[in-house]
Asks: 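Okay, handing you the structure first.
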Amino acid sequence: MKIPTCAAAQALLAEAEQLNPGPWVQHSIYVGEAARAIAARHPDLDAETAFTLGCLHDIGRRVGVTDMRHVLDGYTYLHEKGYEDAAQICLTHSFVIQHIDAVGGQWDCTADELQFIKDYLGRVRYTDYDRLIQLCDALALPSGFCLIEKRFVDVTMRRGFNAYTIQRWQGYLDVQRHFETIIGCSVYAVLPGVVENTFGEISF
């Protein structure tokens with residue numbers, strides 16, 4: 001695959017944090033860790049590849065505070081470095097439903113840029129790496145792993161509800177079931193701290 005090494009990916013993320021510090025960086029690390037944990041139980045995925053792709057999925061945020069154009073900025077940045085497979089993940093991670101309008105945010109791209117994204121989504125074939133990062137993006141807050149439904153609420157409260165929201169939620173749940181069938185257990189079984197991060201400290 002055309003991706004950087006794990007160490008190089010972490011260096012790119014560290015550089016991006018210097019350019020645009022924020023909770024997105026820790027979220028990206030947790031996405032990478034979730035992807036590695038799930039991929040380690042998947043017969044056809046490589047755990048370190050999954051970690052690298054997870055860490056870089058939001059690298060487009062390096063350019064500053066933007067909304068949905070971060071998917072294009074990330075794609076462009078990694079594509080220009082020759083990391084085509086990682087670039088694909090930057091663009092596909094927000095599209096569990098493969099449609100330009102099926103996003104949890106607002107488009108801040110030009111008409112030509114939107115057309116490029118639309119055309120790309122129309123021809124790209126998702127792999128289990130695409131699907132894995134989509135899932136892990138929905139399992140990770142900047143504070144750690146959480147129930148997928150908590151992430152749904154988190155994104156919707158910040159980004160709003162649209163005509164595709166319910167369909168997107170169903171898409172994420174379908175991807176979750178897909179991976180759970182393959183790995184033979186709940187994804188939460190391999191993600192530490194889910195209960196604490198979802199519900200806070202619980203005492204009995």
Side-chain angles (χ1 to χ4, degrees), residues 1-4 8-9 11-25 27-28 31-32 35 49-50 52-138 140 142 151-152 154-172 174-175:
M1 293 185 72
K2 295 179 180 179
I3 63 172
L12 291 175
L13 189 60
E15 178 187 63
E17 184 175 22
Q18 294 297 313
L19 296 171
N20 180 29
W24 73 271
V25 177
H27 160 73
S28 296
V31 171
T49 295
T52 296
L53 295 173
C55 281
L56 294 178
H57 81 285
D58 269 348
I59 197 71
R61 298 198 182 280
R62 70 190 298 280
V63 304
V65 179
T66 61
D67 203 330
M68 287 309 304
R69 78 163 295 117
H70 79 279
V71 305
L72 179 62
D73 288 334
Y75 171 85
T76 302
Y77 176 64
L78 294 180
H79 172 75
E80 289 175 351
K81 287 184 170 295
Y83 300 136
E84 192 60 39
D85 294 296
Q88 175 172 311
I89 296 295
C90 286
L91 207 147
T92 62
H93 79 267
S94 289
F95 295 96
V96 69
I97 304 299
Q98 214 162 327
H99 190 284
I100 190 72
D101 294 325
V103 292
Q106 301 298 316
W107 283 112
D108 42 355
C109 297
T110 68
D112 287 345
E113 289 169 339
L114 284 174
Q115 188 61 52
F116 171 82
I117 296 168
K118 183 177 181 180
D119 292 344
Y120 191 97
L121 291 172
R123 67 175 182 270
V124 68
R125 291 192 175 186
Y126 286 177
T127 70
D128 261 5
Y129 285 113
D130 294 279
R131 291 301 192 190
L132 178 62
I133 305 307
Q134 289 166 359
L135 173 63
C136 293
D137 192 22
R151 180 78 165 135
F152 291 167
D154 167 66
V155 171
T156 302
M157 288 183 69
R158 290 185 291 109
R159 303 290 186 84
F161 194 97
N162 62 36
Y164 284 91
T165 300
I166 299 298
Q167 189 177 352
R168 289 178 68 247
W169 290 353
Q170 185 60 61
Y172 284 114
D174 288 344
V175 173

Asks: To the nearest 0.5 Å, what is the distance between CD1 on I100 and CG on D119?
Replies: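 Nearest 0.5 Å value for the CD1-CG distance: 9.0 Å.
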Asks: Please report the interatomic distance OH(Y77) to CG(L56), rounded to the nearest 0.5 Å.
Replies: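 CG of L56 is found 8.5 Å from OH of Y77.
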Asks: Drop me the distance from S28's OG to I133's CD1, to the nearest 0.5 angstrom.
Replies: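 Reported value, rounded in 0.5 Å steps: 10.5 Å.
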Asks: Looking only at non-hydrogen atoms, find the nearest pair between W24 and I59 and report the distance.
Replies: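 Answer, listing the atom of W24 first, then I59: CZ3-CA, 4.3 Å.
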Asks: Kindly write out the residues that satisfy ring-ring contact (aromatic ring centres under 6.0 Å, His included) with H93, not counting sequence neighbours, or none if the list is empty.
Replies: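 Only H57, H70 meet the ring-ring contact (aromatic ring centres under 6.0 Å, His included) criterion with H93.
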Asks: Please name all residues satisfying ring-ring contact (aromatic ring centres under 6.0 Å, His included) with Y126, sequence neighbours left out, ordered by chain then number.
Replies: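 With sequence neighbours excluded, Y126 shows a ring-ring contact (aromatic ring centres under 6.0 Å, His included) to no residue whatsoever.
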Asks: Is D108 reaching over with its side chain to a backbone N or O of M68, donor-acceptor style, under 3.5 angstrom?
Replies: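 Confirmed, D108 side chain pairs with M68 backbone.
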Asks: Does W169 have any ring-ring contact (aromatic ring centres under 6.0 Å, His included) partners at least two apart in sequence or in another chain, and if so, which?
Replies: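 In terms of ring-ring contact (aromatic ring centres under 6.0 Å, His included), with neighbours along the sequence ignored, W169 is linked to F152.
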Asks: For atom CD of Q115, decide whether the heavy atoms of other residues, nucleotides or ligands shown that lie under 6.0 angstrom number more than 12.
Replies: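 Buried by this count: over 12 neighbours within 6.0 Å.
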Asks: If you look only at pairs with a residue in residues 53-75, which of them pass as a salt bridge (Lys or Arg N to Asp or Glu O under 4.0 Å), with sequence neighbours excluded?
Replies: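 Every pair satisfying salt bridge (Lys or Arg N to Asp or Glu O under 4.0 Å) with a residue in residues 53-75: E15-R62, D58-R61, D67-R159, R69-D73, R69-E113.
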Asks: Kindly give the heavy-atom pair with the smallest separation between V103 and S94, and that separation in Å.
Replies: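 Looking at all heavy atoms of both residues, the shortest contact is CG1-O, 4.2 Å.
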Asks: So, for G64 and N20, which heavy atoms are closest and what is the spacing to 0.1 Å?
Replies: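 That closest heavy-atom pairing would be O-ND2, 3.3 Å.
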Asks: Should we count CZ of R125 as having more than 12 external heavy atoms under 6.0 Å?
Replies: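 Not buried by this count: 12 neighbours or fewer within 6.0 Å.
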Asks: Closest approach of L53 and D85, non-hydrogen atoms and distance?
Replies: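 Result for this residue pair: CD2-O, 4.2 Å.
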Asks: What I want to find out is whether R131 reaches D128 closely enough, with some N-O distance under 4.0 Å, to be called a salt bridge.
Replies: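 The answer is no: the pair does not qualify as a salt bridge.
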Asks: Quick one, I166 and Q170 - any side-chain contact, counting heavy atoms below 4.5 Å?
Replies: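 With C-beta onward as the side chain, the pair stays apart.
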Asks: If you compare all heavy atoms of C90 against all heavy atoms of V71, which two are closest, and at what distance to 0.1 Å?
Replies: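 Minimum heavy-atom contact is O-CB, 3.4 Å.
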Asks: For Y83, give me all partners under ring-ring contact (aromatic ring centres under 6.0 Å, His included), at least two apart in sequence or on another chain.
Replies: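 Residues passing ring-ring contact (aromatic ring centres under 6.0 Å, His included) with Y83: none at all.
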Asks: If you round to the nearest 0.5 Å, how far is CG of D137 from OH of Y172?
Replies: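 So the OH of Y172 and the CG of D137 are separated by 6.0 Å.
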Asks: To the nearest 0.5 angstrom, please state how far the CG atom of L78 sits from the CD atom of E84.
Replies: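 Reported to 0.5 Å precision, the distance equals 9.5 Å.
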Asks: Mind listing the closest non-hydrogen atom pair of T52 and P4 along with its distance?
Replies: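 Closest heavy-atom pair between T52 and P4: CG2-O, 3.6 Å.
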Asks: Would you say the ring centroid of F116 lies under 6.0 angstrom from that of Y75?
Replies: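 Yes: the rings meet the under 6.0 Å criterion.
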Asks: With side chains defined as the heavy atoms from C-beta onward, is the minimum distance between L91 and L121 less than 4.5 Å?
Replies: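 SC-SC contact between L91 and L121 confirmed.
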Asks: Taking only residues two or more places apart in sequence, or in another chain, which ones meet D130 in a side-chain hydrogen bond (donor to acceptor under 3.5 Å, both in side chains)?
Replies: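 Scan of D130 (side-chain hydrogen bond (donor to acceptor under 3.5 Å, both in side chains), adjacent residues dropped) gives Q88, T92, T127.
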Asks: If we ignore hydrogens and angles and just use 3.5 Å, is the side chain of Q98 paired with the main-chain N or O of G122 as donor and acceptor?
Replies: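 No, the answer is negative, given that no donor and acceptor are paired below the 3.5 Å cut-off.
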Asks: I need the I117 CD1 to W107 CH2 distance, nearest 0.5 Å.
Replies: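 Answer rounded to 0.5 Å: 4.0 Å.
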